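Everything on this sheet refers to the single structure shown next.
Indexing begins at 1, ligand by ligand and atom by atom, following the structure's order. Along the sequence shown, residues carry numbers from 1. Values in this document were obtained by computation on a predicted structure and should not be read as measured data.
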Amino acid sequence: MIAFKEVNKIYPNGVRGLRDVDFEMRRGEFVALIGLSGAGKSTLLRTVNGITEPTSGEVEVDGRVVGGSREDLRRLRGRIGMIFQGFNLVGPSTVQHNVIVGRLSHKHPVLGTLGLFNRRDYQLVERALDRVGLANKLHQRADQLSGGQQQRVAIARALVQEPSVLLADEPVASLDPVSTDRVMSDLRRVRDELELTVLVSLHSVPLARRWATRIIGMRDGMVVFDGTPQEATDTR
Ligand code: ADP
Ligand code: ADP
């Protein structure tokens, strides 16, 4: 499903972002990526959707090497839902508008303008919002929602892509504990219901132990731990 094969990333300034990263994720795994700031978590996530190109080695998603032509990358990114720490919503726009934008990845890159959504697109939006418990917020402005609700809108936006993989980069870093648990349980539940492969970077080991099926620890661009939540102890 996702495979890292001896992946190295050296940035132009000489920083080693990734060192010999080599592991596989099966379909349906919920992996928490743990490590201090600068450990390489974002770099690793960015190599999965092709934003960052490895200096050596390969990343595969669904059996295909990440990279190739612009069209290859576009098709790949269509299968990968992205969730960010800062939600990346358009505040003054409605929840519906923010979620339907996720359908753009299925449209022709030039013709896929906002006017071209059809009934099925809108149905997918409602179903996705239903999955995160926000169907009643369809016509509300995104910036009138709490942080946790905004992140769940971002999850819905990723779901309407009908992805096979969800990547989330510190999705709960700016949320309070209650919102954090709701966002994590929504991620966990949609993974269960839709058989998604989920890769989430977190900076809390207890959080990872509570929600992930597998924990990968990173330090200095290297994988230094790979095991079950039971095997992971909080050593800080
Ligand atoms: P994390 O997400 O775990 O905080 P990052 O992947 O952002 O870690 O960073 C890993 C290392 O690579 C850090 O030393 C960081 O400063 C460096 N780095 C990240 N992005 C770039 C970049 N675009 N150019 C140069 N160095 C970078
Ligand atoms: P990539 O290889 O992922 O395309 P680049 O190496 O082109 O990334 O870097 C993107 C930009 O980020 C560059 O302008 C780079 O100088 C800048 N950058 C440098 N150091 C860092 C850092 N520590 N964290 C994030 N970005 C950085």
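- In the vicinity of A39, heavy-atom distances shorter than 4.0 Å reach the ligand 1 atoms 1 (P), 3 (O), 8 (O).
- Not a single ring-ring contact (aromatic ring centres under 6.0 Å, His included) links F225 to another residue, sequence neighbours left out.
- Between E60 and R64 there is no salt bridge, since no side-chain N of the basic residue sits under 4.0 Å from a carboxylate O of the acidic one.
- Near N13, the atoms of ligand 1 lying under 4.0 angstrom from a non-hydrogen atom of the residue are 25 (C), 26 (N).
- Short contacts between ligand 1 and S42, defined as distances under 4.0 Å to a heavy atom of the residue, involve ligand atoms 1 (P), 2 (O), 6 (O), 7 (O).
- Within the 4.0 Å heavy-atom shell around ligand 1 one finds L36.
- Of the candidates M218, K41, H203, K41 brings a heavy atom nearest to atom 3 (O) of ligand 1.
- Using 4.0 Å as the threshold, G38 has a heavy atom nearer than that to some atom of ligand 1.
- Heavy-atom proximity to V15, at under 4.0 Å, picks out these atoms of ligand 1: 11 (C), 12 (O), 14 (O), 17 (C).
- Using cut-offs of 30° and 60° for the angle between ring planes, the Y122 and F117 rings count as perpendicular.
- For the atom pair E170 CD and S42 OG, the distance stands at 7.0 Å (nearest 0.5 Å).
- Checked against side chain to side chain donor-acceptor pair (under 3.5 Å), R157 has no partners two or more places apart in sequence or in another chain.
- For ligand 1, the atoms sitting less than 4.0 Å from at least one non-hydrogen atom of T43 are 5 (P), 6 (O), 9 (O), 10 (C), numbered in the order shown with element in parentheses.
- For ligand 1, none of its N or O atoms has an N or O atom of G17 under 3.5 Å away.
- A salt bridge links E29 with R214; the closest basic N to acidic carboxylate O contact falls under 4.0 Å.
- Salt bridge status for R79 with D62: present, with a side-chain N to carboxylate O gap under 4.0 Å.
- Residue-ligand proximity: R46 is placed with a non-hydrogen atom under 4.0 Å from ligand 1.
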